[in-house]
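Atoms considered below: every heavy atom in the structure, side chains included; atoms not considered: hydrogens, waters and symmetry mates.
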Amino acid sequence: MTTVTPQHAGAARGRLGTGPQRATAAILAVALANAVVVEILFFTAAGTPEPMLSAGRFLGLHAAVALALQLVLVARVPWLDRRLGLGQLTAWHRWVGITLAWTVTVHATLASWAYARIRNWSFATLVDKWLGSLGTLAGVIAGTLLLLVVLASTRAVRRRLPYELWHALHLGTYAVVGFAIVHQSVENPISQPATWAKVYWVLLWTVAIGAFLFGRIALPLWRNARHGLRVAAVVPESGDAVSVHVTGRDLDRMPAEAGQFMLWRFLTPSRWWQVNPFSLSKAPDGRSLRLTAKAVGSGSAGLRHLRVGTRVFVEGPYGAFTSRHRTQPATLLIAGGVGVTPIRSLLEELEGSIIVLYRARSETDAPLLGELRQLAAAKGAELHLVTGRTRDTTPTPLGPEHLRALVPDLMRRDVYICGPAAMTNAVLATLRGLGVPRTQLHAEIFALAD
């Protein structure tokens, strides 16, 4: 274990302690407001004598709202991302997607069953009617694509697919939106000709699609055109890690913060189609950006072969793993392996009393350790390098006894954790068990980055 003792301990309070709560409340309020609107539309429409058909239409209306919400959750709107982070938004996107899949399945089942019963259709006749109606066929295609996307996103399937293949399959979600709008327009699930009802649906889809096009297409294209990013240097680090330095125009205008990550695309003939999320391993200084990664996957392994001058296309910056979410003047930073990259950039930016715990197999397998030592010495922070195998070490590294011994004032610190998923989840569970408030816990699962 290596320790750099503190020379001073200041106090700095975070700038935005209630941002996540406000953003969460805003999303919930908008979702509930839209749910209320569609229920008003449903119950004030001309009644349907068949209860099963009514139930199917009721679910169809809510499925349309849920699909619009899905677009907003993955739109990468800066206001939401800076307060909640892509991790939280993606988790919500996943659960809304599962709920949407079940809602659409039950909606289609009830509506089909009701029509078959009302008109005394056989299954073959029902299928023939599906194929012969533009609106119904569009709905069947939308539902089928949605179920395929959800199936590909289950953990059992997702872990067996390369990121690029999974990403390509996930693009089917956008086709779902198109077919769903056709289905809704032709089938006209609102059986009243009220103009305000039509205006509501047009506004709903305009806002949802507009947010998506802005966050996912317009903003990245504008930022890359403005900054003209290129590789400035490729620097080998300890072990099999490598750092890539990127420069461009007007980088002081890029709203990047320490702790955030970007989606990086290096425009070479063999890599232009690969997109990798890497954290900034150095606090943005307005002149350059830096990422650091270990050669553990096909994407990160090829970084060491990049040539100076290679053009770079980025999306972002993204993430809420930043100092703006601090609630306490003192901070504990916990890094595992190459998860040290956002921790290192946060250490460069933070002020006040700081303790850094760096978990690695060995000192030689600890990227950026030298920089951490220099920063810790300059800022008066404590740095503890925790090495060795977990089963051979007592007390358990980063376990309850170990954390209490290294950080006696743990309850009075914000805790930032970044590392492999298993380590991050274990440390979070330990901290919660020790009674650290959830508002003081900030985690980034670095498995996303490689």
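In this structure, CG on L146 lies 13.5 Å from CD1 on I141, to the nearest 0.5 angstrom. Note: M423 CE to C418 SG = 7.5 Å, rounded to the nearest 0.5 Å. Summarising the geometry, atom CG belonging to L100 is positioned 9.5 Å from atom CG belonging to L69; distances are rounded to the nearest 0.5 Å. The CD1 atom of I355 sits 8.5 Å away from atom CG of L410, with the distance rounded to the nearest 0.5 Å. The OG1 atom of T439 sits 7.5 Å away from atom CG of D414, with the distance rounded to the nearest 0.5 Å. Residue T292 holds its OG1 atom at 7.0 Å from NE2 of H245, rounded to the nearest 0.5 Å.
For the pair G319 and D81, the tightest heavy-atom approach, listed with the atom from each and the gap, is N-OD2, 2.9 Å. Heavy atoms only, all atoms of each residue included: V38 and A35 are closest at CG2-O, 3.1 Å. Closest approach of A376 to L347, counting heavy atoms only: N-CD2, 4.2 Å. Summarising the geometry of R404 relative to L434, their closest heavy-atom pair is NH1-CD2, 2.9 Å, with the distance given to 0.1 Å. Taking each heavy atom of A335 and V340 in turn, the nearest pair found is CB-CA, 3.6 Å. G248 approaches L229 most closely through the heavy-atom pair CA-CD2, 4.2 Å.
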Verdict with reasoning, K379 to E351, per salt bridge (Lys or Arg N to Asp or Glu O under 4.0 Å): CA-CA 8 Å; K379 300 177 77 71; E351 300 294 339; 3.4 Å; yes
#### Entry: Audit row: H402, T396, side chain to side chain contact (heavy atoms under 4.5 Å, CB included) steps and yes/no
CA-CA 7 Å; H402 193 215; T396 302; over 6 Å; no
Exercise. Go through the steps for V77 and F214 under the test side chain to side chain contact (heavy atoms under 4.5 Å, CB included), then give the verdict.
Key: CA-CA 8 Å; V77 177; F214 170 76; 5.6 Å; no
Report task. Walk me through it: do Y174 and L145 pass the test side chain to side chain contact (heavy atoms under 4.5 Å, CB included)? Result -> CA-CA 10 Å; Y174 312 142; L145 288 174; over 6 Å; no
Next on the checklist: Determine whether T268 and R307 satisfy the following criterion, side chain to side chain donor-acceptor pair (under 3.5 Å), listing intermediate values before the conclusion.
Outcome noted: CA-CA 9 Å; T268 68; R307 294 183 178 180; over 6 Å; no
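In this structure, R158 and S153 have side chains that are not in contact, with every pair of non-hydrogen atoms separated by 4.5 Å or more. Using a 4.5 Å heavy-atom cutoff, the side chains of L403 and L357 are in contact. Between L441 and V436, the closest side-chain pair of non-hydrogen atoms falls below 4.5 Å. Using a 4.5 Å heavy-atom cutoff, the side chains of L375 and V356 are not in contact. With contacts defined as side-chain heavy-atom distances shorter than 4.5 Å, the pair P437/M411 qualifies. Using a 4.5 Å heavy-atom cutoff, the side chains of Q70 and V176 are not in contact. Looking only at side-chain heavy atoms (C-beta outward), V244 and W264 stay at 4.5 Å or farther from each other. Two residues are said to be in side-chain contact when any heavy atoms from C-beta on lie closer than 4.5 Å; F261 and L263 meet this criterion.
Under the ring-ring contact (aromatic ring centres under 6.0 Å, His included) criterion, Y200 pairs with no residue at all, not counting sequence neighbours.
Centroid-to-centroid, the aromatic rings of F58 and H62 come within less than 6.0 Å.
Classification of E257 and R82 as a salt-bridged pair holds, one side-chain N sitting under 4.0 Å from a carboxylate O.
The environment of CZ in R432 is crowded: more than 12 heavy-atom neighbours from other residues, nucleotides or ligands sit within 6.0 Å. When the shell of 6.0 Å around CH2 of W102 is examined, it contains 12 or fewer heavy atoms from other residues, nucleotides or ligands.
Classified by interplanar angle (parallel below 30°, tilted 30° to 60°, perpendicular above 60°), the ring pair Y416/F321 is perpendicular.
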Got a list of side-chain donor-acceptor pairs under 3.5 Å for residues 218-228, not counting sequence neighbours?
unit_1 : atom_1 : unit_2 : atom_2 : d
R223   : NH1    : G316   : O      : 2.9
N224   : OD1    : V314   : N      : 2.9
N224   : ND2    : P220   : O      : 2.7
N224   : ND2    : V314   : O      : 2.7
H227   : ND1    : R249   : O      : 2.8
H227   : ND1    : D250   : O      : 3.3

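A side-chain donor-acceptor contact under 3.5 Å links R290 and S281.
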